[in-house]
Amino acid sequence: MRIAMIGTGYVGLVSGVCFSDFGHDVVCVDKDPAKIDTLRTGRTPIYEPGLEDLMRRNVEAGRLSFTGDLAEAAAGAQAVFIAVGTPTRRGDGHADLSYVFAAARELADVMDDGTVVVTKSTVPVGTNRMVAQTIRARLDETGRKIGFEVASNPEFLREGAAIEDFMRPDRVVVGAETDRAREILREIYRPLSLREAPVMFTSLESAEMIKYASNAFLATKITFINEVADLCEKVGANVKEVAKGMGLDGRIGPKFLHAGPGYGGSCFPKDTMALARTGQEHAAPMRIVETVIAVNDARKRRMAEKVIDLCGGSVNGRKIAVFGVTFKPNTDDMRESPALTIVPALIGQGARVAVCDPAGRKEGEALLPGVEWVEDPYEAARDADAAVLITEWNQFRALDLARLRGVMKGDGFADLRNVYDPAEAERAGLRYVSVGR
């Protein structure tokens with residue numbers, strides 16, 4: 001099947017590459033010439049383990065190509081996916097759908113009769129019907145007499161594990177209300193039937209809501225365990241033990257029960273905000289989600305205070321080594337990372353900050369002005385008064401704490417991801433601060 005993918009950001013590129021690996025003929029289109037040039041040279045503009053190799057393999061097989069011409073991409077395509085950004089709109093917290101509607105309007109001028117237009121971007125309830133209206137309005141303007149279908153196919157990809165998530169999903173959700181749309185999407189995902197991945201067909205509105213409700217629930221789970229961690233600190237409990245005991249209950253499960261400096265990334269912050277705004281608009285306020293947003297924001301600020309407390313109440317003139325600034329390991333994504341709150345707060349209090357992150361520098365240089373970027377964690381910690389672990393990259397999970405202490409001037413170690421055993425830090429001569437202990 002021939003597929004066009006509008007947008008070569010994280011969702012569009014991963015989806016396009018994986019669809020081509022299913023055996024489909026995929027053309028990815030983007031308005032940014034620099035992105036297209038990069039992709040045509042066999043390099044990816046994003047960091048995602050395994051993606052570049054998979055992309056090259058399918059380009060060489062002739063199943064995957066890239067273009068800046070939407071007409072070229074849409075020609076002969078039975079399905080065209082819209083995978084453009086839906087960032088938080090400034091001022092009101094709603095999802096900015098301008099890129100989605102612009103893509104729909106432009107697509108109306110070039111798509112073939114019978115095309116199934118599939119929204120893969122994360123969009124609020126009601127958006128897919130608005131996409132259909134946008135296309136119809138443009139067809140009426142131009143006098144084109146063609147038929148089309150609209151479907152919703154939200155993504156559930158974790159950055160750093162996106163290929164595995166796409167190839168072995170918990171479920172595929174498809175909002176479709178015509179036999180043709182269901183038939184086309186069923187055929188696109190047919191390779192997954194060998195792995196018995198469930199494909200769930202719903203209404204357009206249910207598919208849109210499933211995405212937002214899922215992300216909001218996971219964000220709530222993270223925020224809940226972070227609040228439990230705060231209480232554990234006060235009463236002498238260990239949040240890691242508490243989380244393990246909770247997670248062994250099959251009704252709860254162990255995932256997303258890891259206390260830390262708060263959630264970030266491209267999905268949870270904007271999706272919880274958008275869901276909260278949707279609830280307010282429809283007089284069905286999402287009180288839990290609204291609280292989750294507020295608690296998470298406060299959590300990040302509290303982590304900076306922990307570091308300052310570790311340094312005796314002041315970091316003025318002191319050097320702080322920071323390990324990891326991306327919002328999670330195995331990605332270069334800095335969006336809403338806790339580090340974007342913690343590091344500026346330390347600098348604002350007079351600290352000199354040295355950062356070590358395997359992939360964060362490309363975005364981080366613009367987002368974290370005034371820091372020193374260091375490739376080696378021990379060099380970052382040299383003559384530092386304290387070290388702070390924010391993102392649990394694998395290379396930071398097995399640091400030699402005695403060696404770390406040996407190069408530092410001070411002895412403070414703030415482990416905001418609960419990676420290390422306090423006894424191990426104590427043996428190394430480090431004053432250890434974590435969350436929920």
Check: C267 main-chain N/O paired with R335 side-chain donor or acceptor under 3.5 Å | no

Using modelled atom types only, decide if a donor and an acceptor are shared between the side chain of D113 and the backbone of I146 within a distance under 3.5 Å.
-> no

R186 bridged to E183 by N-O distance under 4.0 Å = no

So, T127 side chain and V123 main chain: donor-acceptor pair closer than 3.5 Å or not?
-> no

Step by step, work out the side-chain contact (heavy atoms from CB on, under 4.5 Å) result for R361 and E375.
-> CA-CA 10 Å; R361 185 169 184 171; E375 296 294 326; 4.3 Å; yes

Regarding E208 and N128, is there a side-chain donor-to-acceptor distance under 3.5 Å anywhere?
-> yes

Is a salt bridge present between E305 and R301, judged by a nitrogen-to-oxygen distance below 4.0 Å?
-> no

Determine yes or no for a side-chain-to-main-chain donor-acceptor pair under 3.5 angstrom, with K221 supplying the side chain and I252 the backbone.
-> yes

Can we call the ring centroids of F166 and F156 under 6.0 Å apart?
-> no

Out of curiosity, D333 CG to K328 NZ, how far, rounded to the nearest 0.5 Å?
-> 9.5 Å

Got a donor-acceptor contact below 3.5 angstrom from the E48 side chain to the A162 backbone?
-> yes

ring-ring contact (aromatic ring centres under 6.0 Å, His included) with F396: which of F413, Y420, F323?
-> F323

Do we see a donor-acceptor contact under 3.5 Å between the side chains of S98 and D96?
-> yes

Which residues pass the side chain to side chain contact (heavy atoms under 4.5 Å, CB included) test with I293, sequence neighbours left out?
-> Y263, T272, M273, A276, V289, D297

Short question: side chain of R144, backbone of M111 - any donor-acceptor pair under 3.5 Å?
-> yes

Are R43 and T41 linked by a side-chain donor-acceptor pair shorter than 3.5 Å?
-> yes

Is the backbone N or O of S203 less than 3.5 Å from a side-chain atom of E177, with the two atoms forming a donor-acceptor pair by type?
-> no

Evaluate the side-chain proximity of L13 to P45: yes if any heavy-atom separation is below 4.5 Å, no if none is.
-> yes

Would you kindly say whether E159 and S266 are connected by a side-chain donor-acceptor distance under 3.5 Å?
-> yes

Shortest non-hydrogen pair, G175 vs L204, comes out as O-CD2, 3.3 Å

Hey, is the main chain of E196 close enough, under 3.5 Å, to the side chain of S193 for a donor-acceptor pair?
-> no

Salt bridge check: are K31 and E106 linked by an N-O gap of less than 4.0 Å?
-> yes

Donor-acceptor side-chain pairing of E290 and Q280 below 3.5 angstrom = yes

Are any non-hydrogen side-chain atoms of R63 and H24 less than 4.5 angstrom apart?
-> no

Side-chain contact, heavy-atom cut-off 4.5 Å: I342 with L416?
-> yes

Any ion pair linking D230 and R302 (charged N to carboxylate O, less than 4.0 Å)?
-> no

With sequence neighbours excluded, residues passing ring pair (Phe, Tyr, Trp, His ring centres under 6.0 Å) with Y189 = F19

Run the numbers on L107 and V80 for side-chain contact (heavy atoms from CB on, under 4.5 Å), then give the verdict.
-> CA-CA 9 Å; L107 184 58; V80 178; 3.8 Å; yes

Quick one: do the R171 and S214 side chains pair a donor with an acceptor below 3.5 Å?
-> yes

Donor-acceptor under 3.5 Å (N58 side chain, L54 main chain) | yes

How about N153 and K120: does a side-chain donor come under 3.5 Å of a side-chain acceptor?
-> yes

Distance-only, no hydrogens or angles: does the T326 side chain make a donor-acceptor pair with backbone N or O of D332 under 3.5 Å?
-> no

Short N-O contact, E52 and R57, less than 4.0 angstrom | no

May I ask you to decide whether E149 forms a salt bridge with R182, counting only side-chain N to carboxylate O separations under 4.0 Å?
-> no

What about F268 and F217, are their ring centers closer than 6.0 Å?
-> no

Between D112 and G76, which heavy-atom pair has the shortest distance, and what is it?
-> OD2-N, 2.6 Å

